[in-house]
Amino acid sequence: MIENIDKIKATAIELISKALSTKELEEIRVNFLGKKGELTSVLKTLGSLSVEDRPKAGALVNEAKNSIEQILDETISNIKNKELNTLFLNEKIDITLPGRRGNKGSKHPLRKVLEEIEEIFLGLGFSIEEGPEIDTDFNTFKALNFQDDHPARDSQDTLYVNKDILFRTHTSPVQIRTMNKMHPEPVRIICPGRVYRRDAIDPTHSPQFHQVEGLIVDKDVQFSDLIGTLEIFAKKLFGETKKIRVRPSFFPFTEPSAEVDVTCIFCDGKGCGFCKHTGWLEVLGAGAVHPNVLRMSGYDPEIYTGFAFGMGLDRITALKYRVNDIRYFFENDIRFLKQFN
Ligand code: PHE
């Protein structure tokens, strides 16, 4: 029996020394020390020994059990350390590697300039209104005092959905919508948005482009308020050295009407090829709201006066960033758009 115990111990120790994982070692523990393990079965046979031999054999089994346990525990903790070390090594992050740059998006130039414009007018007490891109003939033309035979109403110029519904050709119908909603309260709004015209695409034209409309309706407002507002606007957007100039013009919904020019941004007014040596660039249309328009939208023209203006966002953005072809704004070429970060 003593031999047997020694053999069991030697086998166990050898197996332990060969084991590669904590799992294998736990199996060895069960096989040798567990309830049905080899040493336990030896213990069970102690009863067959003589009374003198029993304590000796018992002590031997215990000693074997203890040393197997001790070796097992040591080996397990060694292997655990090794396992942890390889785990840490595999999970190690090389913090000296340069990081990957995220592909950051940027604002579209039209959006950037629109936000600047909105900021300027919000600062002057305007609020922002929006209207649908598809509107009625009534809001787009009739309520804006267009005669029935006005060329803009021709399907050569306007995209119609049907006789009464069309793609708005300007943001001015939002004037009508806002006045209908607000009267007889005063109005001080800008409305940005997309507009559509049956134009062929070229460097300065597109069938879909953007406008920013402005409208003031109140009791004591005068033409000089409009000029003052537009002057502040031009200086803030294009630079403090800029001035504006007003030339007579015609729109069915304003009377008097004006084209508003700003000092040429290329030559600062000295005259260059871009401004055709005038020193001025045309940037917006404006005027006093026609009494018919006020009346049709619920304001008494004897009590209220109104001023409106409208500008092309694409043209203004092209001027501000010196882009010579507005088609770049619609093509979404990432190399172009990335320049406006
Ligand atoms: N709606 C005009 C256009 O599209 C611009 C404009 C707006 C003119 C408001 C005067 C007042 O050309």
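A quick note: this is a predicted structure, and the numbers were derived from the prediction, not measured. In listed order, ligands and their atoms are each counted from 1. Residue numbers run from 1 in the order of the sequence given.
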Could you list, one pair per line, each nitrogen or oxygen of ligand 1 together with any protein nitrogen or oxygen closer than 3.5 Å, giving atom names and the distance rounded to 0.1 Å?
| from | atom 1 | to | atom 2 | distance (Å) |
| --- | --- | --- | --- | --- |
| ligand 1 | 1 (N) | His170 | ND1 | 3.0 |
| ligand 1 | 1 (N) | Ser172 | OG | 3.0 |
| ligand 1 | 4 (O) | Arg197 | NH2 | 3.0 |
| ligand 1 | 4 (O) | Gln211 | NE2 | 3.0 |

Check: Counting only N and O atoms by type, is there a donor-acceptor contact under 3.5 Å from the side chain of Thr40 to the main-chain atoms of Lys36?
Finding: no
Note to self: Using modelled atom types and a 3.5 Å cut-off, is there a donor and acceptor pairing between side-chain atoms of Lys112 and backbone atoms of Phe340?
What the structure shows: yes
Notebook entry, point to check: Is it true that Asp148 and Arg153 make a salt bridge, defined as a side-chain N closer than 4.0 Å to a carboxylate O?
Noted result: yes
Check: Is the distance between the ring centroids of Phe329 and Tyr321 less than 6.0 Å?
Finding: no
Check: Is it true that the NZ or CZ of Arg197 lies under 6.0 Å from the centre of Phe209's six-membered ring and within 45 degrees of the ring axis?
Finding: no
Check: Would Phe253 and His170 count as a close aromatic pair, with their ring centres under 6.0 Å?
Finding: yes
